[in-house]
There are 2 protein chains.
Amino acid sequence: MSGLAEQKESGSARVAESLAVAIHEHRLSPGMKLNEDEVGEIYGVSRTVVRAALQQLSHDRLVELKRNRGAFVAQPTVKEAREVFEARALLEPRTAHSAAERATPEDIEILQRHIDEEHAALEQGDTGRALHLSGMFHIEMARIADQSTVADFIAQLVSRSSLIIALYWQRRAALCESHAHDALIKAMARHDGKAAEELMKHHLLDLLTSLDLRDQPSVAKSLKDALT
Amino acid sequence: MSGLAEQKESGSARVAESLAVAIHEHRLSPGMKLNEDEVGEIYGVSRTVVRAALQQLSHDRLVELKRNRGAFVAQPTVKEAREVFEARALLEPRTAHSAAERATPEDIEILQRHIDEEHAALEQGDTGRALHLSGMFHIEMARIADQSTVADFIAQLVSRSSLIIALYWQRRAALCESHAHDALIKAMARHDGKAAEELMKHHLLDLLTSLDLRDQPSVAKSLKDALT
DNA sequence: TGCGCTATTTTTGTATACAACTTTGTGGAC
DNA sequence: GTCCACAAAGTTGTATACAAAAATAGCGCA
């Protein structure tokens with residue numbers, strides 16, 4: 001599938017996607033400087049497209065742009081982490097409610113496939129892929145709810161959550177215990193909106209409490225930030 | 001204030017802001033093509049900064065970017081309009097609740113000033129400014145709630161709402177009857193979170209029902225769209 | 001006259017060149 | 001030896017030049 005079929009997306013989209021994956025997988029550390037020339041060299045593109053990609057990632061809050069200073073991998077603070085999950089708590093439970101009421105058998109099938117792949121990835125120890133699929137589950141749910149505007153917000157929040165989880169992860173088992181997703185899909189299969197809403201609410205709470213948000217991130221943006 | 005004091009923001013931010021205002025004030029019609037050379041000439045900047053501005057506006061959903069085709073002023077569909085207000089209904093009532101509980105006397109003062117200016121603008125017939133201030137009221141409320149992540153979403157939704165209202169506006173009086181904001185500020189002054197939440201919920205419902213979302217937008221994207 | 005193909009023009013996508021700013025390194029004064 | 005000023009290097013911000021794609025116009029043909 002990655003041979004020569006797709007060539008439609010623009011260069012900046014490709015670079016942004018690749019950088020986003022690298023950030024999610026924690027290969028790019030929070031706070032790391034993203035030099036435009038360097039990135040351009042790596043992907044074989046000019047600074048023009050690198051800048052477009054960085055601007056896009058900046059809007060997704062995966063990188064922070066500082067005027068005349070450059071782009072840095074975002075380093076969500078504890079406050080920001082809480083805010084992201086509070087925003088999700090506002091959006092996702094009622095979206096799950098709608099999704100449960102609207103879900104078709106095909107939708108359930110798609111979600112079930114996501115869960116199965118997630119399980120497989122976890123068993124193989126590929127936590128990065130499991131995390132990605134776990135996020136896709138949430139995004140797919142918003143799509144089922146037929147709320148593309150909310151879905152866009154959720155997609156952004158899920159993306160930021162991945163970075164947050166990578167930063168503040170406390171215990172591996174809490175990654176997004178597929179039990180929660182299993183229960184959710186069952187509620188959706190029987191179109192039990194209220195149950196889905198409650199399950200999602202508690203799922204997000206569990207996710208939040210599984211993070212260690214007591215102290216500041218360990219990696220500082222700069223030495224000054226760390227030593228003052 | 002517009003003489004020579006501020007010169008800090010980048011060119012693209014300035015262009016984006018100016019275009020956004022023009023779109024909100026309906027001076028740029030939905031569907032209108034935004035030629036990069038033309039825009040650049042108007043603002044005396046190169047296409048480079050115009051493209052950056054357009055990309056930013058695209059992320060705010062105020063313009064639509066079509067690959068190899070260019071940028072067009074967004075033309076929200078009826079479905080999109082409903083979705084925007086449904087998203088606001090998810091976010092704003094509970095944000096108003098938090099804001100009411102946290103609001104300081106200074107916060108109330110700021111909001112009151114917004115309302116006063118809004119009243120003044122309405123009496124002067126400057127509906128564009130009134131609409132802008134009305135939106136600022138909602139954004140300020142999210143700021144008071146100390147939820148900058150949610151505030152960013154609300155800011156984007158308010159911005160899109162302005163365009164939607166400009167498109168689907170039915171009756172002038174419904175613009176954002178300041179009565180609703182007056183009642184909200186009173187609830188906040190007495191830190192009545194529950195009341196603020198309910199008021200916001202109904203305010204948004206009123207806003208939505210004041211729009212004429214029965215049929216498609218009247219302005220076509222191009223002459224061809226209109227005549228074929 | 002109407003249709004379809006090709007050539008031209010226009011516009012966007014990308015690369016490169018230059019200017020402005022920030023940071024860093026060096027040297028001198030105290 | 002420390003601090004400040006200034007110069008040098010490096011990076012970002014912007015403008016321009018070129019390539020690729022789309023829109024348009026002109027022509028030939030039925």
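First the proteins, then the strands, lettered A, B, ... as listed; each starts at 1. Computed from a prediction, not measured in an experiment: that's the story for all the values here.
Nucleotide C/dT11 holds its P atom 16 Å from the CG atom of B/L65, rounded to whole Å. To the nearest angstrom, P of C/dA17 lies 12 Å from CG of A/D37. Whole-Å rounding puts the B/K33 NZ to C/dT10 P distance at 13 Å. The CG-P distance, from B/N35 to C/dT9, rounds to 18 Å in whole Å. Distance CZ (B/R14) to P (D/dT14): 10 Å, rounded to an integer number of Å. Atom NZ in B/K66 sits about 14 Å away from atom C1' in C/dT12, given to the nearest Å. As rounded to whole Å, 14 Å separates atom P of C/dG13 from atom CD of A/Q56. Summarising the geometry, the separation between CD on A/E38 and C1' on D/dT11 is reported as 12 Å, rounded to the nearest angstrom.
Taking 4.0 Å as the cut-off between side-chain N and carboxylate O, B/K79 and A/D146 count as a salt-bridged pair. In summary, B/R14 and B/E17 do not engage in a salt bridge, as defined by a charged side-chain N under 4.0 Å from a carboxylate O.
Helical stems of DNA chain C (runs of at least 3 Watson-Crick or G-U pairs, donor-acceptor distances under 3.5 Å) are listed by first residue: C:1-30 with D:1-30.
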> Are A/M200 and A/T95 close enough, and set up right, to give a side-chain contact (heavy atoms from CB on, under 4.5 Å), and what steps lead you there?
Replying inline: CA-CA 9 Å; A/M200 180 62 89; A/T95 300; over 6 Å; no
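Side-chain contact between B/L184 and B/M141 is present, with at least one heavy-atom pair separated by less than 4.5 Å. Side-chain contact between B/L131 and B/E25 is absent, with no heavy atoms from C-beta onward closer than 4.5 Å. The shortest side-chain heavy-atom distance between A/T104 and A/D107 falls under the 4.5 Å cut-off.
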>> Output one letter per nucleotide in nucleotides 19-24 of chain C: B when a protein non-hydrogen atom lies under 4.0 Å from the base, S when only the sugar-phosphate is that close, - when neither is.
In response: --SSS-
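Side-chain contact of B/H24 with B/S159: a donor-acceptor pair under 3.5 Å is present, judged by distance alone. Under 3.5 Å, the side chains of A/Q112 and A/D116 contain a donor-acceptor pair of N or O atoms.
Residues of residues 39-49 of chain A that place a heavy atom closer than 4.0 Å to DNA chain C, in numerical order, are A/V45, A/S46, A/R47, A/T48, A/V49.
B/E80 meets the side chain to side chain contact (heavy atoms under 4.5 Å, CB included) test with B/P76, B/T77, B/R160; sequence neighbours excluded. A search for side chain to side chain donor-acceptor pair (under 3.5 Å) contacts involving A/Q147 returns B/E86, not counting sequence neighbours. With sequence neighbours left out, the side chain to side chain contact (heavy atoms under 4.5 Å, CB included) criterion links A/R129 to A/E117, A/A121, A/D126, A/L133.
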